[in-house]
*Asks:* 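Sharing a structure, written as structure tokens. Questions coming.
We're numbering straight along the sequence, starting at 1. Not measured: the values here are computed from a predicted model.
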Amino acid sequence: LAAAVCQCSIPGHEMDVRGLATAVFPEGAFVSVSRDRTGRVWVPNSSPDKGFTEMHCMSGHSNFVSCVCIIQPNETYPRGLIATGGNDNNICIFTMDQPQPLFTLKGHNNTVCTLSSGKFGTLLSGSWDTTARVWLNEKCMMTLQGHSAAVWAVIILPEQGLMLSGSADKTIKLWKAGRCEKTFTGHEDCVRGLAVISNTEFLSCSNDSSIRRWLVTGECVQVYYSHTNYIYSIDVFPNGQDFISTGEDRTVRIWRNGECVQTIRLPAQSVWCCCILPNGDIAVGASDGIIRVFSEAHDRIASAEDLQTFEDELAKATIDPKTGDLGDIKTEDLPGREHLSEPGNRDGQTRLIKEGQNVEAYQWSVGDARWVKIGDVVGGSNQQTSKCVMYEGKEYDYVFTIDVNEGGPSMKLPYNISEDPWLTAHNFLQKNDLSPMFLDQVANFIIENTKGHVVGPAQPTGGDPFTGQKNNASFTSFSSTGSGAYSSADLRQRATNSYFPKTDGVMFEQANASQIIAKLKELNAAAPQEQKLSEDVLESLSRLLSTVCAPGATEPPPNIQQINSLWKASHLPEDIVFPVLDIMRLAVRHPQVNETLCGEAEGVQLCNHLLSLMRPEGRAANQMLALRTLCNCFSGRQGRSLLLAQRETVLSRAADLAAVCNKNIHIALATLVLNYAGCLHGQPDLEAKAQCLSVASRALETVQDKEAVFRLLVALGTTVASDQTAQDLARSLGVNSQILKYSTVSDPSKVGECCQLVLKQLQ
């Protein structure tokens, strides 16, 4: 078999990549999770660089994300779901296209560090709280208790009802229907990973640097040695025999027929996770935040130039002999460069040579029949591992010199390994009276420079951590999704203000009627009997939808029976009501529906119902569609009067949703504020305008999506345009200083332009 060669490096995450899983959809995709608190879906792209593109970014954890698995597709979720576990003790469940969790599973009392999914939607989780839990349909069905230390690995065997857990207590347990049937002993340290070979066999890997093959009946049939440090993860090839493993010795190792046939070293100390993609390629995630994909297929390997870059990165890495990865080193006994003229005798064999005062490490590559440099070996002398740096009378592990201003005085930042980098960064900024905007950069600078020993290119001394423009994930990972009036095709007449006052309201018009009805029928079919809508109601909703989506007047107008069906169906359980809300969003634009649902008697009921769906703990899809429905109510006279009458409650409830981290919700919230501002323009109602200003200004503190920011700026502009009192109020609320940062935004340019025009109003 050909040797696996680097296909591409994917630098999407800002911190360690801790988990990888192959996705069911789209084809060839996989999911990664990281200490940067995000999960990301990567899809193969067709470009010549044979790389992967980020299709989707998920955030829902308040701390590091440490593991991920895919829940197999079912009728409701034909693309499957993504489950992630984190240091916030929670498990978040995501769909393939929403950035916020569909729901969160709470129950563990400590970090959730491993997940595995089984048939019929079961999910098995393991935690540092020493338990494993079995979940189904958002509920914990069983707690598996028996380990005396953290459960680092879990897996569901193909045989129904059998589950395995591996623990820091050095044992593996087999569970059936929630009872421990067997305990496997043999490992001499924490069990870190498990992988299924078949119904009757599985593999385990451990901090004792061995891999073991077991029969479910309890016998250990083989032990594999090759790694020189902790082994963190293991995955089995589709043939059910060969496998890969990764660990703290900076390697991914490929095993065939029980032998380690290839060792691939990485320019990062900890290789935390691996997964085998459907085409047989290997993805690995490491402590440098980079995912690397390796392939044995000639047509998928990287260009010669990219392979050289990877090799150069490896050569520049620094290896600390204290990790023991290279055995015991006596510098004076090492041979010189001539030692490299003799070929190696197996792939991955390492050889150290002395080059002047330096020690260099090389690895034999069977595929290339040559020695490849894998790094420089550094002694303990240049690493401050014992507390020996004095600062202000105390000993610290590190004291960094930070230059904030070119030529200005440099500042000292003392840090101990045991401290929280974010808290240290916060205290440093406060002490030195620096802007809190630097928090992320200082914290990441500390993390980057204290990850064990510096691996990869050493930090340039006296470097300025603040000049490199840090990639702001919250802006770059969201695309701008404007509807009609706010697309980038906006007229940009610089001479006149084409942005505000905007008084005609912005609606959410986009519709795919057949998709909405199909989704409704699918959810309805799976609903319990007592909650099912009748065929008549479904037919009625379907006709109503075609009527309100028909551009011409060929369809008969909606009748009262259809509108009643819509109102009744909108009270379905929250987990299946969203297609009905989508129909309601489109229907309220029709004059007749608007008049009936928003009329005096029914209007308040409609408002209360939509507000109940907007509760902060509610579902993101319902929150978004309720907001969009309220926006679309502004299209009719009754809707406008209703919303003006209910303004205080509606806006204050909507404002709470700025805290939900979801760009579609933010865009809908911004549009609602904008539609209120448009209705109030030219009206003397100062109290209402004050609420618009306050909600818009509060939302701008948390909202990151550029389209949402733009609509909030237009709402501010519309509120203050030609109203002196509103302008004074805006100044007193500090709106000027708050929006100043948007005045230089050039992508999209409408944000910067609109912001400058609002600032002009407030001069």
Side-chain angles (χ1 to χ4, degrees), residues 75-76 507-615 618-643 646 650 668:
E75 283 183 1
T76 317
M507 305 303 142
F508 289 92
E509 310 272 6
Q510 199 183 350
N512 182 334
S514 57
Q515 214 174 4
I516 296 172
I517 289 295
K519 191 70 193 170
L520 177 59
K521 287 182 173 167
E522 177 195 315
L523 291 173
N524 192 56
Q529 201 50 49
E530 67 276 15
Q531 294 170 353
K532 274 191 168 59
L533 299 175
S534 67
E535 284 306 318
D536 289 352
V537 170
L538 286 173
E539 180 53 37
S540 183
L541 291 174
S542 182
R543 277 209 296 276
L544 172 64
L545 186 57
S546 347
T547 304
V548 299
C549 291
T554 45
E555 300 271 344
N559 61 44
I560 196 73
Q561 181 243 330
Q562 291 171 348
I563 298 171
N564 284 342
S565 295
L566 175 64
W567 174 245
K568 183 183 160 203
S570 72
H571 289 77
L572 279 172
E574 291 203 11
D575 53 345
I576 58 174
V577 74
F578 63 92
V580 180
L581 297 179
D582 223 355
I583 298 174
M584 186 177 267
R585 160 186 76 92
L586 294 160
V588 294
R589 300 166 311 150
H590 193 285
Q592 226 136 342
V593 181
N594 195 292
E595 190 171 328
T596 310
L597 285 181
C598 303
E600 278 176 27
E602 295 78 8
V604 178
Q605 278 182 309
L606 172 71
C607 243
N608 289 339
H609 181 48
L610 292 173
L611 291 177
S612 75
L613 292 165
M614 283 159 53
R615 297 186 319 280
R619 290 173 174 259
N622 297 344
Q623 293 167 338
M624 174 191 77
L625 289 166
L627 281 169
R628 287 181 172 183
T629 305
L630 290 169
C631 291
N632 287 1
C633 285
F634 279 95
S635 62
R637 194 171 53 81
Q638 265 84 3
R640 283 196 295 276
S641 327
L642 168 70
L643 289 177
Q646 301 291 318
V650 170

*Asks:* Distance-only criterion, 3.5 Å: show the donor-acceptor pairs between side-chain atoms of residues 512-519 and protein atoms not counting sequence neighbours.
*Replies:*
from : atom 1 : to   : atom 2 : distance (Å)
N512 : OD1    : S514 : OG     : 3.1
N512 : OD1    : Q515 : N      : 3.2
N512 : ND2    : Q515 : OE1    : 2.9
K519 : NZ     : T76  : O      : 3.1
K519 : NZ     : E522 : OE2    : 3.2

*Asks:* Among residues at least two apart in sequence or on other chains, which ones pass side-chain contact (heavy atoms from CB on, under 4.5 Å) with R640?
*Replies:* F634, R637, C679

*Asks:* Between CG of L597 and CE of M584, what distance do you get to the nearest 0.5 Å?
*Replies:* 5.5 Å

*Asks:* Taking atom CE of M624 and atom OG1 of T629, what is their separation to the nearest 0.5 Å?
*Replies:* 9.5 Å

*Asks:* Report, as yes or no, whether the 6.0 Å neighbourhood of atom NZ on K532 holds more than 12 heavy atoms from other residues, nucleotides or ligands.
*Replies:* yes

*Asks:* More than 12 heavy atoms of other residues, nucleotides or ligands under 6.0 Å from CD of E530: is that the case?
*Replies:* yes

*Asks:* Indicate the atoms forming the closest heavy-atom contact of A569 with V577, along with that distance.
*Replies:* O-CG2, 3.8 Å

*Asks:* Measuring from L581:CG to L627:CG, what's the distance to the nearest 0.5 Å?
*Replies:* 11.0 Å

*Asks:* Quick one: do C607 and L643 satisfy side-chain contact (heavy atoms from CB on, under 4.5 Å)? Show the steps, please.
*Replies:* CA-CA 8 Å; C607 243; L643 289 177; 4.1 Å; yes

*Asks:* Minimum heavy-atom separation for F578 to L625, with atom names?
*Replies:* O-CD1, 3.4 Å

*Asks:* Applying salt bridge (charged side-chain N to carboxylate O under 4.0 Å, His left out), can you list everything that pairs with E539, at least two apart in sequence or on another chain?
*Replies:* R543

*Asks:* Answer yes or no: is there a donor N or O on one side and an acceptor on the other, between the side chain of N632 and the main chain of F508, under 3.5 Å?
*Replies:* yes

*Asks:* Between Q623 and G618, which heavy-atom pair has the shortest distance, and what is it?
*Replies:* NE2-O, 3.5 Å

*Asks:* If I take atom CG from residue N608 and atom CG from residue L613, how far apart are they, to the nearest 0.5 angstrom?
*Replies:* 11.0 Å

*Asks:* Quick check: closest heavy atoms across Q646 and V604, and the distance to 0.1 Å?
*Replies:* NE2-CG2, 3.7 Å

*Asks:* List the atom of P557, the atom of Q592, and the distance in Å for their closest heavy-atom pair.
*Replies:* CB-OE1, 3.4 Å

*Asks:* Within this structure, what is the CG-OG distance for the pair L586 and S546, rounded to the nearest 0.5 Å?
*Replies:* 11.5 Å

*Asks:* Going by salt bridge (Lys or Arg N to Asp or Glu O under 4.0 Å), name the pairs with one or both residues in residues 572-593, residues two or more places apart or in two chains.
*Replies:* E509-R589, E574-R615, D582-R585

*Asks:* So, using side-chain hydrogen bond (donor to acceptor under 3.5 Å, both in side chains) as the criterion, who are the partners of S565 when residues are at least two apart?
*Replies:* S540

*Asks:* By side-chain contact (heavy atoms from CB on, under 4.5 Å), which residues pair with H571, not counting sequence neighbours?
*Replies:* W567, H609

*Asks:* Evaluate side-chain contact (heavy atoms from CB on, under 4.5 Å) for I576 paired with N524, printing each intermediate quantity in order.
*Replies:* CA-CA 8 Å; I576 58 174; N524 192 56; 5.7 Å; no

*Asks:* To the nearest 0.5 Å, how far apart are CG in L572 and CG in L523?
*Replies:* 9.0 Å

*Asks:* If every non-hydrogen atom of A587 is compared with every non-hydrogen atom of V593, which pair is closest and at what distance?
*Replies:* O-CB, 3.2 Å

*Asks:* Would you mind reporting whether L538 and L520 have side-chain heavy atoms less than 4.5 Å apart?
*Replies:* yes

*Asks:* Quick one: does N594's side chain have a donor or acceptor within less than 3.5 Å of a partner on C633's backbone?
*Replies:* yes

*Asks:* Picking from L642, L610, L606, what satisfies side-chain contact (heavy atoms from CB on, under 4.5 Å) with L630?
*Replies:* L610

